[in-house]
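Reviewing the structure listed below.
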There are 2 protein chains.
Amino acid sequence: MRKIRKFSAPEPSMRRLPAYLHVLTRLLRENRLYVSCTFISNELYLDPTQVRKDLALTGIVGKPRVGYSVQELIDKIKAFLGWDVQRDAILVGVGNLGTALLGYQRFRLYGLNIVAAFDKDPRRIGKTIFGVDVLPVEKMPNLALRKKIDIGIITVGEDAAQEVADLMVQGFIKGIWNFAPKALIVPDNVIVENAQLSVSLGVLTSKMKLSETEKDTV
Amino acid sequence: MRKIRKFSAPEPSMRRLPAYLHVLTRLLRENRLYVSCTFISNELYLDPTQVRKDLALTGIVGKPRVGYSVQELIDKIKAFLGWDVQRDAILVGVGNLGTALLGYQRFRLYGLNIVAAFDKDPRRIGKTIFGVDVLPVEKMPNLALRKKIDIGIITVGEDAAQEVADLMVQGFIKGIWNFAPKALIVPDNVIVENAQLSVSLGVLTSKMKLSETEKDTV
DNA sequence: TAGATTGTTAATCGATTAACAATC
DNA sequence: TAGATTGTTAATCGATTAACAATC
C-alpha cells in the first residue's frame with residue numbers, strides 16, 4: 001500500500017522551523033557536521049521530542065548516536081519552508097513599512113524577490129526605492145499576470161487592503177502576505193498569511209499586563 | 001470562597017483579539033451600539049463559540065438576545081491587551097525596519113510611545129528620525145532606567161541582538177519586542193515576544209509549497 | 001559491547017467545537 | 001410569550017510530552 005503523502009503540517013511546527021535554521025546556520029559557520037535534537041532543544045529551550053517531530057516533517061533521517069547532518073538538515077528545512085526556490089513578489093503600499101520591506105536584504109535568504117512596487121499616491125509613483133520601481137497600482141494585475149508573480153505583499157492601510165487583495169486575485173497571485181489590519185476575503189485557492197504588527201505587540205503587552213496584575217495581588 | 005484570578009490566557013485567543021478590535025472600531029464608526037458574537041464570527045470566519053470564549057477573557061458581560069455593547073467591548077479588549085495605558089519604549093537598531101517602526105503612526109493606538117532610538121553606527125547617531133533622536137547605544141541602559149522605560153524594541157542584526165538584550169535587562173526593561181532572528185536569553189521576569197518576519201513568511205511559503213505539491217500529485 | 005540518540009507509539013494536556021440551559 | 005443570544009459544561013480534536021524499542 002502506498003504511503004499517503006501529508007498535505008498539511010501543524011502550524012506551530014512551521015513557526016519553529018526558522019529558529020532551527022538560525023541555530024544550524026551558526027553551526028555550519030563553526031564547521032560542525034552533525035547535530036542532535038537535544039543540542040537544538042537546549043539552544044532554543046524546547047522539548048527535544050518536539051524538535052525531533054518537527055524535523056521529521058522535513059523528511060530528514062538521522063543517525064542514532066550521531067544526530068543529523070547539519071548541511072542536509074538546512075537543505076531539508078529550506079525545502080520544506082519553500083525557501084529553496086526563488087519566488088517573485090510585488091508589494092503594494094510604499095509607506096514606511098513598505099519601504100522598509102523593499103530594503104530588507106534578508107529576504108534573499110528566503111527566496112523572496114520583490115520585482116516591483118505599487119502605490120496610488122502620485123508623489124510616490126515613478127520613484128525607485130532600493131532599486132525597485134514604484135508604479136501606479138492599476139498596472140499591478142497585468143504585470144502580476146505577465147510576470148507570473150507568486151506573492152503579493154500588502155502594506156497599505158486597512159481601508160484599501162481589500163481592494164488591493166481583489167486586484168492581486170485578478171493578477172492570479174497565489175499567496176498574499178498581509179500587513180494591513182484587515183481580514184481579507186479571497187478565493188479558496190489563494191493563501192493569505194497575516195503579519196499584523198499589532199498581533200505580536202498585543203501578545204507582549206497583554207503578558208506584561210497579566211504579570212503586573214499578578215505582582216499587585218501577591 | 002474567593003474566585004481565583006487567572007494569570008494567564010491562551011495565546012491563540014490573545015492573537016485573535018486585535019482582529020475583533022478592527023471589526024468593532026468599524027462598527028463604532030457606523031454608530032452601532034450592540035454586536036453579537038455571531039456577527040463577529042461571520043466577519044472573521046471564526047467559530048461563534050470561540051469568539052464568545054475569547055471575549056469572556058476580557059471580563060465583558062453580554063445581554064442575551066442583544067449582544068455586547070460595542071463601546072464597552074472595545075474598552076475591555078484594549079484593557080485586556082494592555083492598550084489602555086501609554087507605555088514608553090526605546091528602539092535599538094535604526095536600519096530599514098527600525099526606521100519604519102519609528103514612523104509607524106498606528107502604534108499610538110496601542111499605547112506604544114517610542115521616546116528614543118539607539119544605534120552603534122556613528123553615521124546614524126545624532127540624527128532625528130520621525131521626531132525621535134538617535135543616541136549611542138551605550139547610553140541606553142541609563143536612559144531606560146532614568147525614564148522608567150517599559151518596552152525595548154530590538155531591530156538590530158542577529159549578531160548584536162543578545163548584547164542589546166543584555167543592555168535592556170540592565171536598564172530594567174520589562175518587555176522586549178524582538179525582531180532579530182535570534183533566540184534571546186533573559187531573566188524570568190523579563191517578557192520576550194518574537195516578531196521575526198521570517199516566521200510569518202515561512203508559514204506563507206510552506207503552505208504555498210504544500211498546495212503546489214498537492215496539485216502535482218492529483 | 002554499552003550507551004547515546006533516533007524514531008515511534010502512548011499518554012497527557014490544552015484549545016476548539018458541540019450541546020444545552022439560562023436569560024431577557 | 002417565543003426566540004435569539006449569552007454563558008457554561010461536555011465532547012472532540014490536535015499538539016505536546018512521556019515512554020520505550022530500534023539502531024549504530
Side-chain angles (χ1 to χ4, degrees), chain A residues 3-4 6-17 19-20 23-24 27 32-73 76-77 80 199 202-203 206-207 210, chain B residues 3-4 6-17 19-20 23-24 27 32-73 76-77 80 199 202-203 206-207 210:
Chain A
K3 196 170 178 184
I4 308 282
K6 271 191 80 177
F7 294 131
S8 71
E11 203 169 302
S13 299
M14 286 182 189
R15 300 182 74 91
R16 283 187 294 267
L17 288 172
Y20 301 158
V23 174
L24 292 165
L27 294 178
R32 288 220 4 197
L33 292 179
Y34 287 91
V35 65
S36 72
C37 48
T38 324
F39 183 91
I40 297 176
S41 69
N42 283 334
E43 288 289 308
L44 299 171
Y45 305 93
L46 297 172
D47 183 279
T49 308
Q50 186 171 61
V51 173
R52 205 170 300 128
K53 285 231 168 145
D54 288 345
L55 298 183
L57 285 173
T58 68
I60 187 99
V61 175
K63 291 183 196 169
R65 241 179 76 76
V66 178
Y68 305 90
S69 154
V70 172
Q71 181 63 65
E72 195 192 348
L73 196 45
K76 285 268 165 74
I77 292 178
F80 183 86
V199 170
V203 174
S206 60
K207 283 183 182 174
L210 284 167
Chain B
K3 196 170 179 186
I4 310 282
K6 270 191 82 177
F7 293 130
S8 71
E11 203 169 302
S13 300
M14 287 182 188
R15 300 182 73 89
R16 283 187 294 267
L17 287 171
Y20 300 159
V23 173
L24 291 165
L27 293 178
R32 285 215 12 190
L33 293 180
Y34 288 92
V35 65
S36 71
C37 46
T38 324
F39 183 90
I40 297 176
S41 68
N42 283 334
E43 288 289 307
L44 299 172
Y45 303 93
L46 298 172
D47 182 279
T49 307
Q50 185 171 62
V51 174
R52 206 169 301 129
K53 286 228 166 147
D54 288 345
L55 298 183
L57 285 174
T58 69
I60 189 98
V61 176
K63 293 184 196 167
R65 243 182 75 79
V66 179
Y68 305 89
S69 153
V70 171
Q71 181 65 63
E72 196 193 347
L73 196 44
K76 285 267 166 72
I77 292 177
F80 183 86
V199 170
V203 174
S206 59
K207 283 183 181 172
L210 284 166

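Lettering follows sequence order; numbering is per chain, from 1.
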Task: Set of side-chain contact (heavy atoms from CB on, under 4.5 Å) partners for P12(A), sequence neighbours left out - done: P10(A), R16(A)
TODO: Nearest whole angstrom, please: distance from the C1' of dT5(C) to the CD1 of I40(A).
DONE: 13 Å
Task: Value in whole Å for how far the P atom of dT5(D) lies from OH of Y34(B) - done: 14 Å
Open item on the list: Strictly under 4.0 angstrom, non-hydrogen atoms only: write out the protein contact profile of nucleotides 14-24 of chain D, one letter per nucleotide from the 5' end, B, S or -.
Closed with: -SSBB----BB
Quick one: list whatever passes side-chain hydrogen bond (donor to acceptor under 3.5 Å, both in side chains) with [X], sequence neighbours left out.
| X | value |
| --- | --- |
| T49(A) | D47(A) |
| E43(A) | R26(A) |
| K53(B) | none |
| Y20(A) | D54(A) |

Open item on the list: Listing request: all salt bridge (Lys or Arg N to Asp or Glu O under 4.0 Å) pairs with a residue in residues 59-73 of chain A, at least two apart in sequence or in separate chains.
Closed with: E72(A)-K76(A)
- [ ] To the nearest 0.5 Å, tell me how far T58(A) OG1 sits from Y68(A) OH.
- [x] 8.5 Å
Task: Side-chain touch I40(B)/L55(B), heavy atoms, less than 4.5 angstrom - done: yes
Task: All stems with DNA chain C, defined as three or more consecutive Watson-Crick or G-U pairs under 3.5 Å - done: C:3-24 with D:3-24
